[in-house]
Amino acid sequence: MLCALYQLQAVSPKNKKQPVKQTKQSYLLATLPDKSLYFKSDPKMDQFITNLISQMTLTEKLGQLNLPSAGDFTTGQAQSSDIGKKVEESKVGGLFNIKGVEKIAAIQRVAVEKSRLKIPLLFGMDVIHGYVTNFPIPLGLASSWDMTLIEQSARIAANEATSDGINWTFSPMVDIARDPRWGRIAEGSGEDAYLGSQIAKAMVHGYQGDDLAQNNTMMACVKHYALYGAAEAGRDYNTVDMSRVRMYNEYFPPYKAAVDAGVGTVMASFNEVDGIPATANRWLQTEVLRNQWGFGGFVVTDYTGINEMIAHGIGNLQKVSARALNAGIDMDMVGEGFLTTLQKSLDEGRVTQSEIDRAVRRVLEAKYRLGLFDNPYKYCDAERGKREIYNLANREAARNIAARSMVLMENKQQTLPLRKSGTIALIGPLANNPENMPGTWSVAARHSEAISLLKGLQETVGKEVRILSAKGCNFEYDAELESRSAMFGKNTYRDNRPKELILQEALSMARQADVIVAALGESSEMSGECSSRTRIDVPQSQRDLLVELKKTGKPVVLVLFTGRPLVLNQEKELADAILNVWFPGSEAGYAVSDVLFGKVNPSGKLPVTFPRSVGQIPIYYNYKNTGRPLSDDARDNCRFEKFRSNYLDECNTPLYPFGYGLSYTTFQYGDISLNANELRGNQTLKASVTITNTGKYDGEEVVQLYIRNVEGSNTRPVKELKGFRKIDFKAGESKTVTFDITPDDLKFYNNELQYDWESGEFEIQIGTNSRDVKVAKVNWLK
Ligand code: BGC
C-alpha cells in the first residue's frame, strides 16, 4: 500500500510541475475506524456480563480490578508475590511484565481452569516502540512525520507481541513535552498538539487494527492522562499546574485524538492536576474523559499510582483507593489498594456497589471485546511466534523506518553523504554498542543482537572502505553518574583504562582516516523514566573527545544518539555534519549506514525545539507574543533590546526550531497562492505552494502549514501547526502542494472553554520548518 501511494506521487518527468492531490487530512485518517467500532453496543455482551457479574462475590469483583506485575521487570518500589495463588483465588484481573506463550498459557490455565468463575486474564506490557523488533524511540518515530510508517511500526509491534501471548500494550504515550530536561520526552511525540494527535491516531489504529477480536491486534492504552509532560523543572513525577485554556488547547488534544480513534484503555498519570492527583481527579477521569469525550473503555492507574497518593498527601491507602474509584479509575496497577481496602470502604459507605460493578463491567467488556471468553489462549500459538517475531520483513521495516526518522541537522560543505572509499575512523562510546541501540523502553528487545554502528558500517561497505574503530572515551568521566543510566541492566561497556590511553588509541586511528564518524551522545537510559537531567549537553568526556577529533583536521561527522533535545552549540561549531539518529532500534547500524552513504536521503524533521541553553526552557515554537516582544530583526539577529522580553545573555530563538531538518538535496519554496483573500463562514481556503527540488538528489520533504490568528478576543500563539505532507521529489522536480483550510482549523478554546473560531485576520504560513515560512494573509468573517 505504501509503495503504491508513493508511486502515484512520484511518476512525473523532471522539472515538470505536478499537483499533489491530497486533502490535508491524510488518507490514513480517512480510513480510521469510528470509535463506535470498538465501543458499539452489543446486547449479547451486555447480557453475558450482567449474568457474570450477578454470580461474582465481592472478592472476585475486586480481583478483576487488580493488575499485579508478574515481576519480570519493575519500574517502582513494589512487586507482587504469590501470583499463581492469587489468580486461583480470583484476585487478579490481569498481569503485566510477563511474556512468552508458555508462561502466559500456564498462568491463563490457572485462571480459566482453577479459579471459580474461570474468567480469563489480560496480559499487558510496555510495547512502546516495537516488541522484539525495535523501531526508533517514539520521539524518533515522530521525527519521520510519516503516519503510514508510524502506524506500520505499531502494527508490527502488535503482531509480534500478540504472537508472544500479550494482548494489551501501555502505548501510545502522547504526553506533550516542552521541557527536554524531562527524560520521558523520549517516549512521546514532542511538543506539538497537532502532530501529536495525528501520531496518537496512527498508533492506536496500528495496535488495534479494525478488529480487536483478531488474534494479531492488541488493545492500546493511551497514557499518561493527563499533562504528565508538564512536570515542573523537568523533574520526573513532579507537580503540574496549568490553566485550563492551556490544557484544552495544547495538552489535551493527543489524548482526545486517541479516544476518538477508539483507544480501548487510558492510563492515569502520576502527577496532580489542579491540586488533585490525576488518579483521584474526578473532573479529569469522568467529566472530561467520559462526559466530554465519550470514552467507553476502562482506566488503569500507573504503577502504584493509588498508593503514591498517600505521599501526595491526600489520605491513607483506604481513603485514596476510594477516591480513585470515585474519580472513575477502574483498574489498580500493582498497589492492590482496591483489593485490600474497597470492601471496608463499601461497608463504611465510602464507595457504592454500583461504582464497583461499573468498573468490573468495563474490565470484563475489554476481555469480551478481545474475544478472551471465546478463547483465552488465542494469543498463545507458539508456532505463530516463530514465524512472526523478529522476522526478516519486520527487521527490514525497522531499518527503513529508522532511516526515515533521522534528522540531518548540519551538513557543511556537503560532508554527507559519504563516499565508499578510503578510510573511516568510527569513534565514540556508541560506535560499537549494540545494547544501547534500541533505546529506552525496549523490554522485549534482544539487546545484544541489535545492529551496532560498527557492524552496520562494516557490512554496508564490505571491502571498499577500511574501517577503524575505537571508543575514545566513556559516556561520562564519572563512573557513578554513568551507572545511574543502566536501567534493566543495560550495559554501557565502561572502559576502565586511563582516559588518556582510551583517547590516544582513538586519535591514532582518527589520524589515519579520511573522515571521522563520531558516535556520541546519550546512553539509552540517560533518557526515559526517571532520567531527568539539568545539563542537557553531550557529556563532557565526549565533548572533549570531539574537540580532539576536530584537531586532527579531518572532516568530522557527528552521529548523535539522544532521547531528548540537547544543547548543541559547541557541536554545531565543531562538527562538519550532524546526523541526529535518536535511538534507531534493532537495525540501528544498518539504518545509520543507509543514511550516511546516501542510500536513504534524510527527511526527518524535529518534533521538538532544540534550545541554545537550559535557561531558555520551556521553549517551543507556538509561543505567544508578549506586550513587549522583540522586534523581528532583534529576534532574528540575536540583538538585545532593553525593556523588551528577552535575556541579557542569550537569544530568544532556539538553536534548531521545531520542524527543522535538512536533506542532501535542497528545496525551494515559491510564494503562497490563495484561492481567496476574503472568506465567509464555512468556505474552504485553498493555499498552494510550488516546491522545487533544486539539488542533485531525489528526496522527501515535509511541507508544513502553520496558521496565525492575528487578532482575537483571547491572545493566540504566533503560529500553530495545522497540516503537513511528506512528499517525495525527484531531483529537479517541482510539485504544487495545496492545503484545504476550513474554519475547523481556526478553532480554539477560549477562556470560557468554548471551542470556536472568530472572525478576523489570519496568516497562512507554509514552509520547510516552523521558522522558515512563506506568509500570506486572509480575512475570514463568520
Ligand atoms: C510508567 C508507565 C508504564 C508502567 C508499567 C510506570 O512506571 O510510568 O509508563 O506503563 O510503569 O510498566
Side-chain angles (χ1 to χ4, degrees), residues 66-80 83 92-99 122-131 137-139 154 157 161 166-177 182-189 200 203-204 207 218-231 234-238 240 254-255 258 263-273 277-279 298-309 311-312 329-336 439-445 487-488 525 527-532 563:
N66 192 31
L67 178 68
S69 165
D72 285 7
F73 325 95
T74 50
T75 57
Q77 313 299 319
Q79 194 173 314
S80 312
I83 294 296
V92 176
L95 284 174
F96 74 109
N97 286 347
I98 175 169
K99 62 190 181 72
L122 291 171
F123 291 98
M125 176 72 84
D126 289 277
V127 181
I128 306 294
H129 51 108
Y131 187 63
I137 55 166
L139 196 59
I166 291 155
N167 48 40
W168 181 25
T169 176
F170 304 136
S171 171
M173 189 281 215
V174 305
D175 303 321
I176 295 295
W182 190 54
R184 302 199 77 172
I185 199 169
E187 297 175 48
S189 301
M203 296 285 286
V204 169
Y207 291 130
M218 71 200 305
M219 197 161 62
C221 180
V222 65
K223 70 187 189 187
H224 306 82
Y225 181 68
L227 321 180
Y228 183 34
R235 178 156 54 77
D236 207 0
Y237 318 124
N238 204 5
V240 170
Y255 307 110
V263 72
T265 63
V266 170
M267 186 185 292
S269 56
F270 287 128
N271 55 281
E272 66 173 66
V273 172
T279 309
F298 75 79
V299 182
V300 62
T301 70
D302 201 346
Y303 202 105
T304 57
I306 290 180
N307 316 58
E308 292 176 21
M309 295 195 288
H312 272 287
I329 299 289
D330 304 300
M331 198 177 228
D332 174 4
M333 188 191 285
V334 176
E336 308 210 322
T440 191
W441 278 121
S442 47
V443 291
M487 199 178 170
F488 304 130
E525 295 305 329
S527 53
E529 186 167 350
C530 197
S531 290
S532 297

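Counting convention: from 1, in listed order, for ligands and their atoms alike.
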Enumerated ligand 1 atoms positioned under 4.0 Å from heavy atoms of [X]:
X      : result
Phe96  : 5 (C), 12 (O)
Tyr303 : 6 (C), 7 (O), 11 (O)
Phe170 : 10 (O)
Trp441 : 12 (O)
Lys223 : 2 (C), 3 (C), 9 (O), 10 (O)

(request) Give the C-alpha distance, both sets of side-chain angles, the deciding distance and a yes or no for side chain to side chain donor-acceptor pair (under 3.5 Å) between Tyr228 and Asp236. (result) CA-CA 9 Å; Tyr228 183 34; Asp236 207 0; 2.8 Å; yes
(message) Polar contacts were defined as any N/O atom of the residue lying under 3.5 Å from an N/O atom of the ligand; does this apply to Glu187 and ligand 1?
(response) no
(request) Report yes if some N/O of Arg184 lies less than 3.5 Å from some N/O of ligand 1; otherwise report no. (result) yes
(message) Please determine whether any non-hydrogen atom of Met173 lies less than 4.0 Å from an atom of ligand 1.
(response) no
(request) Could I get the full list of side chain to side chain donor-acceptor pair (under 3.5 Å) partners for Glu308, not counting sequence neighbours? (result) Thr304
(message) Tell me if a side-chain donor or acceptor on Tyr207 pairs with a main-chain N or O of Val127 at a distance below 3.5 Å.
(response) yes
(request) To the nearest 0.5 Å, tell me how far Cys221 SG sits from Met333 CE. (result) 7.0 Å
(message) Nearest 0.5 Å, please: how far is CZ in Phe96 from CD1 in Ile166?
(response) 12.0 Å
(message) Heavy-atom pairs closer than 4.0 Å: do any link ligand 1 to the side chain of Glu529, the backbone, both, or neither?
(response) side chain
(message) Against Asp175, only a single residue in Arg184, Lys223, His224 fulfils side chain to side chain donor-acceptor pair (under 3.5 Å); can you say which?
(response) His224
(request) With sequence neighbours excluded, tell me which residues meet salt bridge (charged side-chain N to carboxylate O under 4.0 Å, His left out) with Asp330. (result) Arg290, Arg362
